[in-house]
Peer 1: 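The structure's right below; bear with me while I get my questions together.
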Amino acid sequence: MVHSAYDAVELVSGVPGDIVAVAAYAGKLLVAGKDGSLRIYSSPDHADGEIPRDGPYALERQQPSLWRRGTPLAMEVSAGRELLLSLAECINLHRLPGLETVAVIGKAKGANLFAWDDRRGLLAVGRWKRLTIFRLDSGREFVEVKEFGVPDTVKSMAWCGDNICLGIRKEYMIINSMTGALTEVFSSGRNAPPLVVALPTGELLLGKDNIGVFVDQNGKLIQDGRIIWSDTPASVAIHRPYAVARLPRHVEIRCLRAPNALVQTVVLRDVQKLVETENCILAVLARSVYGLLPVPIGAQIVQLTASGEFEEALALCKLLPPEDSNLRAAKESSIHIRYGHFLFDNGSYEEAMEQFSDSHVDITYVLSLYPSLVLPQTHIIGEHDRLQDLPELARESSDVTDDMEPYSLQLHESDDKSPLEIKKMSHNALIALVKYLQKKRNGIIERATAEVTEEVVSGAVHHSSILSESYRSKKPNKKRAQTHTSSIAREMATVLDTSLLQALILTGQSSGAIELLKGLNYCDLKICKEFLEERNDYMVLLELYKSNEMHHEALQLLNQLVEESKAEMGNNDFNKKFHPQMIIEYLRPLCRSDPMLVLESSLYVLERNPSDTIELFLSENVPADLVNSYLKQHAPNLQSTYLELMLSMSVSGINPNLQNELVQLYLSEVLDWHKILKEEGNWTEKTYSPTRKKLITTLENNSGYNTDILLKRLPQDALFEERAILYGKINQHLRALSLYVHKMPERAVAYCDRVYEEGAQQPSKSNIYFNLLQIYLNPRKAEKEFEQKIVPVASQYPGIQKATKVRGGRMGKKVVEIEGADDVRFSPSGTDSGRSDGDGDGDDVSDGGPIMLNEALELLSQRWDRINGAQALRLLPRDTKLQDLVLFLEPLLRNSSEHRRNYMVIKNLIFRANLQVSLVL
């Protein structure tokens with residue numbers, strides 16, 4: 001980095017004697033001669049305090065023998081206090097501009113240097129092996145504050161906060177001005193004397209041979225802080241943003257910012273001193289003074305930008321005056337843009353995007369570098385046009401925008417690069433674009449969303465105002481038009497998302513494109529659709545359809561892809577690419593919002609994956625009646641499967657109509673199956689198909705179906721178990737038991753157990769065992785009654801014909817007497833003790849036909865606790881032997897006796913308690 005940062009102008013020449021010190025005050029130069037005189041030079045054409053570039057200065061006046069004793073070694077002006085500090089034989093303080101003597105520090109006699117802290121009015125004086133600190137009191141006299149001993153004579157010194165950095169011998173030390181604590185820092189090198197330079201930031205620049213090292217106020221090294229000079233400097237002056245060093249053969253200027261590059265070399269030989277002033281650096285020669293006048297910042301920025309030193313140019317922009325903020329912003333933006341193009345052309349794509357981002361240029365300008373991307377048509381004003389709308393920036397931006405025109409990414413036109421290199425460059429450039437767009441996206445999407453919200457609110461307010469006006473006047477105001485909010489933000493969001501999706505696909509980031517589409521996005525549908533179809537990226541295309549609620553198109557494409565995948569990969573590998581489960585997962589979120597679309601689009605997966613599809617209907621609560629009707633019309637073979645799964649998931653929640661329809665489906669299939677077997681001669685009542693098992697299970701476990709219709713459909717010569725279950729559902733237990741006894745005798749007791757356990761507290765069901773006993777002891781009558789009433793019955797429970805009462809014989813009377821007359825109160829089983837609808841005394845039990853006495857006795861012995869003993873004994877034939885009743889009577893009587901004893905105990909306890917209460921009273 002080499003450019004003209006300073007112009008060397010000779011300000012004073014032909015001084016009669018050697019110059020020993022120089023200072024500047026109010027645009028004038030104070031030149032101290034070796035003879036103790038002070039000459040004041042000024043420029044007659046500039047009275048504003050600025051040092052002119054056209055020089056030379058003229059002698060304004062001379063003050064001979066200002067220092068009566070000794071030659072002045074150093075001078076420093078306190079502009080705010082209008083004082084001149086100088087070091088001769090002692091420290092002198094003069095008032096400016098009249099040069100009246102204010103104070104003389106006699107104790108500083110023999111001092112070799114001083115350091116002035118203008119902000120606090122503190123003066124540090126080095127004298128032999130002592131360091132004395134004075135404070136300026138009331139602007140008239142110095143008061144000694146502290147004095148510390150130091151190892152040797154101080155050769156260089158500067159304030160740094162509350163500390164003072166000292167250069168002693170060849171070492172640097174930090175001393176605390178309050179406590180005197182001394183800390184060693186490091187050495188100044190082999191040959192060079194110590195050099196301490198204070199920086200405007202409060203840090204220090206310490207010389208170490210030809211290296212300037214940056215340290216903080218405590219002497220700790222600052223990382224990456226060093227300036228390497230071309231030679232060992234004798235002194236260094238700071239004038240932001242540069243450090244100016246006095247070298248043996250020239251003056252060297254370097255940047256204070258890392259990497260501290262060389263800025264300029266000014267050829268001035270035999271420079272004695274470098275003096276910092278507010279506006280420039282003064283280079284003092286033996287009998288002349290040169291001013292290193294800074295080139296205007298704007299001109300330096302132009303130089304740096306033209307030479308490609310963009311970082312330094314941007315750093316200089318920070319030094320532009322605050323009042324020129326618009327100019328500063330324009331310059332920074334133009335530099336960022338130029339820098340971005342420079343980096344882009346050199347393959348540093350990500351760094352280029354950072355510069356474009358910092359320039360705040362529209363994304364449309366950056367996207368113009370990528371001609372392969374297709375962008376939607378917009379009305380967005382370009383960056384160049386927007387700058388032209390601002391007159392004060394038009395001049396600054398014109399030269400920049402002119403240089404921007406030829407830039408574009410045309411990697412295919414590079415003749416000197418191989419196809420592989422071109423492809424890699426294009427990929428890297430697109431990767432950088434993706435990161436740039438993602439960084440910009442949040443802000444643009446937020447503005448677009450706010451724009452939509454504002455438009456909605458505006459529309460609502462407008463609609464409300466129209467309604468209010470319609471109440472006030474019968475005639476609406478037709479001249480009033482609705483205000484439309486500008487759509488610039490949405491157009492910008494559309495450009496961004498459309499470009500981002502293309503860049504993601506081109507760089508192989510399909511998953512990132514899908515994530516983009518899953519959230520709020522403004523992708524242009526037409527452009528993205530054509531782009532994705534061209535590249536066969538169907539997964540992203542499906543998500544694009546989904547994000548735009550184009551579900552018909554998405555499902556149509558998905559069905560097509562599943563079919564093609566099946567054809568290409570074969571049935572064995574069907575699930576590797578596109579599979580029916582993907583259709584199900586796509587339909588899942590649509591079940592609540594559009595169930596008809598789900599049903600229309602589910603036929604394909606219903607045929608290939610019925611269980612998962614039906615599970616989808618059930619888990620997402622698609623209306624069951626709607627699903628059933630649709631399946632009945634379009635997929636009747638799957639209707640029963642759907643109803644089965646629904647019934648298994650929620651018995652209480654299923655519609656009774658659906659239960660009835662499921663049973664009807666089962667029955668229709670069973671009847672067809674029965675017809676086939678009957679024609680083949682293979683039908684038996686013990687033959688069960690899977691569907692018949694389902695029918696029986698459904699009939700037993702549910703009750704939402706229509707019993708009358710089912711009974712009418714059952715054949716009279718078959719399916720007796722189904723008929724018995726239906727009789728039981730309408731409380732026609734006697735008929736059901738007749739069927740079981742005559743057609744399936746091994747299941748009769750089990751039927752009674754099931755009915756008893758289901759409704760033990762219901763009187764109509766508690767005497768179910770007595771009904772079975774009646775059938776056992778009068779089978780012919782029951783069979784005859786069944787044959788007469790085999791036709792379907794009504795849903796209501798009709799009365800069952802009562803058997804003819806028969807007077808009990810001798811044996812029956814004895815058994816009844818044994819059980820006891822109080823059987824109503826102490827029933828052995830706790831069951832209904834009333835008479836059944838078939839009670840009798842047993843004289844005409846057999847009705848002339850064979851009875852099933854063994855089955856009756858086995859029933860009494862196994863279920864004695866569930867049968868009313870008195871009724872059972874009256875029903876038994878008179879010739880029944882007592883020993884056959886032992887297994888029935890023994891537990892019955894034992895239980896009865898235990899109940900009677902318990903009753904007597906309770907009765908006596910109650911009587912005793914009442915008696916005790918009476919005695920107490």
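Residues take their numbers from the sequence shown, with the count starting at 1.
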Peer 1: If the condition is side-chain hydrogen bond (donor to acceptor under 3.5 Å, both in side chains), which residues does Asp717 pass it with, not counting sequence neighbours?
Peer 2: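 Residues passing side-chain hydrogen bond (donor to acceptor under 3.5 Å, both in side chains) with Asp717: Lys678.
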Peer 1: Within a strict 4.5 Å, meaning less than it, do heavy atoms of the Leu726 and Leu714 side chains meet?
Peer 2: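 Result yes, sub-4.5 Å side-chain heavy-atom pair found.
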Peer 1: One thing to verify: whether Glu855 and Arg863 come together as a salt bridge, which I'm taking to mean a side-chain N less than 4.0 angstrom from a carboxylate O.
Peer 2: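 A salt bridge is absent here (no side-chain N lies under 4.0 Å from a carboxylate O).
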Peer 1: About how many Å separate CG of Leu643 and OG1 of Thr698, when rounded to the nearest 0.5 Å?
Peer 2: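 Atom-to-atom, Thr698:OG1 and Leu643:CG are 10.0 Å apart.
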Peer 1: Would you check, one step at a time, whether the test salt bridge (charged side-chain N to carboxylate O under 4.0 Å, His left out) holds for Arg588 with Glu620?
Peer 2: CA-CA 7 Å; Arg588 190 175 299 279; Glu620 298 299 330; 3.4 Å; yes
Peer 1: Looking at Leu517, is its backbone amide N or carbonyl O close enough to the side chain of Asn521 to form a donor-acceptor pair, meaning the two atoms are under 3.5 Å apart?
Peer 2: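 Yes.
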Peer 1: Could you check whether any side-chain N or O of Ser897 sits under 3.5 Å from a backbone N or O of Arg894, counting only pairs where one atom can act as donor and the other as acceptor?
Peer 2: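 No; judged by distance alone, with no hydrogens or angles, the pair does not exist.
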Peer 1: Please check if the side chain of Asn660 supplies one atom and the backbone of Pro656 the other of a donor-acceptor pair under 3.5 Å.
Peer 2: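 A pair under 3.5 Å: no.
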Peer 1: Would the distance check show the side chain of Glu553 and the main-chain N or O of Tyr545 forming a donor-acceptor pair, the cut-off being under 3.5 Å?
Peer 2: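 Not confirmed, Glu553 side chain does not pair with Tyr545 backbone.
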Peer 1: Give me the atom names and distance for the closest heavy-atom approach of Ala554 to Leu542.
Peer 2: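 Looks like O-CD2, 3.3 Å.
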Peer 1: So which heavy atom on Glu685 is nearest to which on Ala718, and how close?
Peer 2: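 So the minimum-distance heavy-atom pair works out to OE1-CA, 3.7 Å.
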Peer 1: Could you go through Leu587 and Ile583, starting from their C-alpha distance and side-chain angles, then the distance that decides it, and tell me whether this counts as side chain to side chain contact (heavy atoms under 4.5 Å, CB included)?
Peer 2: CA-CA 6 Å; Leu587 292 173; Ile583 302 178; 4.1 Å; yes
Peer 1: Calculate, to the nearest 0.5 Å, the distance between atoms NZ and CE belonging to Lys686 and Met744 respectively.
Peer 2: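 So the NZ of Lys686 and the CE of Met744 are separated by 10.5 Å.
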Peer 1: What's the separation between atom CD in Glu661 and atom OG in Ser640, rounded to the nearest 0.5 Å?
Peer 2: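 These two atoms lie 10.5 Å from each other.
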Peer 1: Might you confirm whether atom CE of Met582 has over 12 heavy atoms from other residues, nucleotides or ligands at distances under 6.0 Å?
Peer 2: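 Enclosed: over 12 neighbouring heavy atoms sit under 6.0 Å from CE of Met582.
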Peer 1: Side-chain contact test, heavy atoms from C-beta onward, threshold under 4.5 Å: evaluate it for Gln659 versus Leu662 and give yes or no.
Peer 2: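 Of all side-chain heavy-atom pairs linking Leu662 with Gln659, none is under 4.5 Å.
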Peer 1: Using the rule given for side chain to side chain contact (heavy atoms under 4.5 Å, CB included), can you reason through Asp753 versus Arg866, listing the C-alpha separation, both sets of side-chain angles and the distance that settles it, and then say yes or no?
Peer 2: CA-CA 10 Å; Asp753 292 339; Arg866 299 183 179 183; 3.6 Å; yes
Peer 1: So does Glu549 have more than 12 non-hydrogen atoms from other groups sitting under 6.0 Å from CD?
Peer 2: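 It does not: Glu549 CD has 12 such atoms or fewer within range.
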Peer 1: So which atom in Ala724 and which in Ala736 form the shortest heavy-atom distance, rounded to 0.1 Å?
Peer 2: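 Taking every non-hydrogen atom into account, O-CB, 3.4 Å.
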Peer 1: Are there over 12 heavy-atom neighbours, none belonging to Gln556, within less than 6.0 Å of that residue's CD?
Peer 2: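 Result for CD/Gln556: open.
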Peer 1: Does Leu541 reach the side chain of Leu544, with side-chain heavy atoms less than 4.5 Å apart?
Peer 2: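 Heavy-atom side-chain distance check passes, below 4.5 Å.
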Peer 1: Any side-chain heavy atom of Leu555 within less than 4.5 Å of one from Tyr604?
Peer 2: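 Sidechains of Tyr604 and Leu555: no contact.
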Peer 1: Any non-hydrogen side-chain atom of Lys907 less than 4.5 Å from a side-chain atom of Phe911?
Peer 2: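 No, side chains not in contact.
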Peer 1: Look at the aromatic rings of Tyr642 and Phe617 and report parallel, tilted or perpendicular, splitting at 30° and 60°.
Peer 2: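 Plane angle over 60°, so perpendicular.
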Peer 1: Could you check Trp673 against Val670 for side chain to side chain contact (heavy atoms under 4.5 Å, CB included), going step by step and ending with a plain yes or no?
Peer 2: CA-CA 5 Å; Trp673 169 72; Val670 170; 4.2 Å; yes
Peer 1: Specify the closest pair of heavy atoms between Gly728 and Tyr751, including all atoms of both residues, with the distance to one decimal.
Peer 2: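 Nearest pair, atom of Gly728 first, then Tyr751: CA-OH, 3.0 Å.
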Peer 1: Can Glu722 and Arg713 be said to form a salt bridge (charged side-chain N to carboxylate O under 4.0 Å, His left out), step by step?
Peer 2: CA-CA 11 Å; Glu722 289 83 345; Arg713 295 188 63 189; over 6 Å; no
Peer 1: Do the side chain of Tyr756 and the main chain of Tyr769 share a donor and acceptor less than 3.5 angstrom apart?
Peer 2: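 Such a contact is absent between Tyr756 side chain and Tyr769 backbone.
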Peer 1: Can any side-chain N or O of Lys694 pair as donor or acceptor with the backbone N or O of Ser689 at less than 3.5 Å?
Peer 2: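 Looks like no, no N/O pair under 3.5 Å.
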Peer 1: Mind checking whether His552 and Glu600 have side chains closer than 4.5 Å, heavy atoms only?
Peer 2: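 In short, these two side chains touch, coming nearer than 4.5 Å.
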Peer 1: Locate the shortest heavy-atom distance separating Pro715 from Leu671; write the atom from each residue and the value.
Peer 2: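 That would be CD-CD2, 3.7 Å.
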Peer 1: Strictly distance-based, threshold 3.5 Å: is any side-chain N or O of Thr613 a donor or acceptor partner for the main-chain N or O of Val605?
Peer 2: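 A pair under 3.5 Å: yes.
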Peer 1: Closer than 3.5 angstrom, by distance alone: can the side chain of Thr687 be matched with the main-chain N or O of Trp683 as a donor-acceptor pair?
Peer 2: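 Not a single qualifying donor-acceptor pair exists.
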Peer 1: When rounded to the nearest 0.5 angstrom, what distance separates CD in Glu680 from NZ in Lys675?
Peer 2: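 It is 12.5 Å, given to the nearest 0.5 Å.
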Peer 1: Ignoring hydrogens and geometry, is there a side-chain-to-backbone donor-acceptor pair from Ser565 to Leu561 under 3.5 Å?
Peer 2: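 Not at all, since once roles are kept as given, no pair shorter than 3.5 Å links the two residues.
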Peer 1: First locate atom SG of Cys752, then atom CG of Asn767, and finally report the distance between them rounded to the nearest 0.5 Å.
Peer 2: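 One finds 10.0 Å between SG of Cys752 and CG of Asn767.
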Peer 1: Quick check: closest heavy atoms across Leu885 and Leu876, and the distance to 0.1 Å?
Peer 2: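 Result for this residue pair: CD2-CD1, 3.7 Å.
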Peer 1: Apply side-chain hydrogen bond (donor to acceptor under 3.5 Å, both in side chains) to residues Glu721 and Tyr688 and explain how you reach the verdict.
Peer 2: CA-CA 11 Å; Glu721 184 173 0; Tyr688 293 92; 2.6 Å; yes
Peer 1: Side-chain contact, heavy-atom cut-off 4.5 Å: Asn706 with Leu710?
Peer 2: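 Contact flag for Asn706/Leu710 side chains = no.
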Peer 1: Counting distance only, does the side-chain N/O of Ser861 pair as donor-acceptor with the main-chain N or O of Glu858 below 3.5 Å?
Peer 2: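 Looks like yes, one N/O pair under 3.5 Å.
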Peer 1: Around atom NE2 of His634, are there more than 12 heavy atoms from other residues, nucleotides or ligands closer than 6.0 Å?
Peer 2: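 Check passes, neighbour count above 12.
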Peer 1: Nearest 0.5 Å, what's the CD-CZ distance between Gln560 and Phe578?
Peer 2: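 These two atoms lie 10.5 Å from each other.
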Peer 1: Is there a side chain to side chain contact (heavy atoms under 4.5 Å, CB included) between Leu606 and Leu603? Walk through the geometry before answering.
Peer 2: CA-CA 5 Å; Leu606 269 172; Leu603 287 179; 4.3 Å; yes
Peer 1: State, yes or no, whether a side-chain contact exists between Ile768 and Leu737 at a heavy-atom distance under 4.5 Å.
Peer 2: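 The answer is yes, as the side chains (C-beta and beyond) meet within the 4.5 Å cut-off.
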